[in-house]
Amino acid sequence: MTKSLSGKNSYSQNEPLAARRIGLFDSGFGGLTVMQQIVKQLPHEELIYLGDTARLPYGNKSPATIIKYSIDNAVFLLEKRIKLLVVACNTASAHALAKLRQIFNIPLIGVIEPGAHQAVAVTRNQRIGVLGTKGTIQSGSFEAAIKQRLPQAEVFSAACPLLVHLVEEQLHDHPATRLIIRDYIKPLKAQGIDTLLLGCTHYPLLRDLIQDEIGPTVTLVDSASTCAAEVERLLKEEQLQRAAHNSPSHRFFVSDDPEKFALLGSGFLGRPISGVELAIY
Ligand code: DGL
């Protein structure tokens with residue numbers, strides 16, 4: 001089955017669209033937690049990942065800057081002729097997804113909607129906590145997406161600006177990280193939440209510590225696996241699934257320091273990363 005992507009800023013070529021790669025971008029490393037789930041759930045697909053490591057973090061930048069960076073990232077990936085774009089960054093999804101949808105005529109998926117979907121599916125008492133970067137929490141995007149699905153839900157959010165840095169310093173299991181998590185989640189714990197949404201790509205790496213601090217009765221959810229399920233659904237709907245493939249290969253681009261990305265990124269992806277290329281854009 002061949003299709004063409006037509007319309008504004010799409011890249012229609014005489015090649016089967018299904019054979020193209022899925023593109024993902026994040027501010028840096030964190031989107032690899034989303035990539036890990038897509039690779040697991042869709043083993044025949046080939047992916048191309050862009051980490052904007054020169055300009056990370058996005059979490060404390062203004063919406064206008066995040067939109068600008070997101071457009072740059074999308075253009076870079078579209079020039080590589082992808083068939084679907086995943087915004088694998090919560091902050092970029094919160095601020096830029098709507099704008100990207102206006103500009104680019106390509107199937108697009110962010111991580112806010114899948115995360116909200118998952119939180120609503122598991123809550124029993126309809127009291128849901130959300131952790132995220134400053135930008136994500138200030139946008140109110142998770143709260144809106146949760147309430148759209150479950151209007152009677154009560155949503156309690158906390159910005160956790162230090163956690164991204166602690167993960168990137170590989171202090172996953174450090175007493176200081178535990179103390180900071182305890183402090184961030186204290187107000188949510190007091191609200192009797194039964195579900196806690198990890199609304200940032202880095203937080204799945206702190207899952208054990210967060211679970212330990214919030215207690216066993218609270219279910220932790222993140223966007224990654226639901227996002228991968230959504231990618232699968234959309235590929236099916238658009239008839240863009242790649243035929244069985246023996247050894248799919250993935251490409252990695254970063255805007256700064258490919259060596260550091262290869263080293264640190266393997267912890268996020270859960271497998272070694274090699275051949276990281278420098279993205280000039
Ligand atoms: N990827 C970002 C997010 O999910 C976290 C890192 C950053 O602040 O750039 O919000």
Side-chain angles (χ1 to χ4, degrees), residues 23-38 49-74 77 85-97 100 109-116 118-119 129-145 157-172 177 180-181 184 196-207 210 220-228 252-257 260-261 264-265 267-269 279:
L24 298 90
F25 78 78
D26 175 48
S27 55
F29 306 88
L32 291 169
T33 58
V34 178
M35 178 167 180
Q36 183 183 36
Q37 289 303 318
I38 298 176
Y49 183 95
L50 171 64
D52 190 9
T53 46
R55 302 188 290 194
L56 73 80
Y58 283 10
N60 50 13
K61 296 204 165 64
S62 70
T65 297
I66 293 162
I67 290 172
K68 180 190 176 314
Y69 291 174
S70 298
I71 293 172
D72 295 345
N73 296 335
L77 288 170
L85 177 61
V86 180
V87 180
C89 170
N90 290 265
T91 312
S93 297
H95 288 295
L97 197 68
L100 296 177
I109 295 179
V111 280
I112 300 287
E113 299 282 325
Q118 183 67 5
V130 179
L131 304 179
T133 64
K134 259 193 196 151
T136 298
I137 298 304
Q138 277 168 5
S139 76
S141 302
F142 272 120
E143 181 161 2
S157 303
C160 309
L162 293 175
L163 296 188
V164 163
H165 305 288
L166 291 165
V167 171
E168 292 194 357
E169 290 304 321
Q170 297 183 291
L171 299 173
H172 301 135
T177 309
I180 289 165
I181 288 174
Y184 283 147
L196 182 58
L197 176 47
L198 307 182
C200 171
T201 48
H202 286 55
Y203 303 170
L205 280 94
L206 298 171
R207 181 176 275 271
I210 296 173
L220 300 190
V221 298
D222 66 69
S223 306
S225 53
T226 326
C227 178
F252 298 90
F253 285 89
V254 290
S255 49
D256 189 35
D257 204 342
K260 182 177 173 196
F261 182 85
L264 200 58
F268 285 80
L269 188 62

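Indexing begins at 1, ligand by ligand and atom by atom, following the structure's order. Sequence positions, counted from 1, serve as the residue numbers for this chain. The structure presented is a predicted model; accordingly, all values stated were derived computationally and were not measured.
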* Asked: Can you find a heavy atom in the side chain of Pro57 that is under 4.5 Å from one in the side chain of Ser27?
  -> no

* Would a 4.5 Å heavy-atom cut-off, applied to side chains only, mark Val221 and Leu196 as touching? -> no

* Asked: Hey, is Cys200 one of the residues with a heavy atom under 4.0 angstrom from ligand 1?
  -> yes

* Measure centre to centre between the rings of His202 and Phe268, then say whether the value is under 6.0 Å. => yes

* Can the ring centroids of Tyr49 and Phe25 be said to lie less than 6.0 angstrom from one another? -> no

* Asked: Going by atom types alone, do Thr136 and Thr133 pair a side-chain donor with an acceptor below 3.5 Å?
  -> yes

* Asked: Among side-chain atoms of Asp52 and Ser255, is any donor-acceptor pair under 3.5 angstrom?
  -> yes

* Structure fact -> Logged contact type for Val164 with ligand 1, heavy-atom cut-off 4.0 Å, is side chain

* Where on Thr133 is there a heavy atom closer than 4.0 Å to ligand 1, on the side chain, on the backbone, on both, or on neither? -> side chain

Close-contact set for ligand 1 against [X] heavy atoms, below 4.0 Å:
X: Asp26; result: 1 (N)
X: Ser27; result: 1 (N), 2 (C), 6 (C), 7 (C), 9 (O)
X: Gly59; result: 7 (C), 8 (O), 9 (O)
X: Tyr58; result: 7 (C), 8 (O), 9 (O)

* Structure fact -> among protein heavy atoms, the one nearest atom 10 (O) of ligand 1 is Thr91 OG1, 2.6 Å

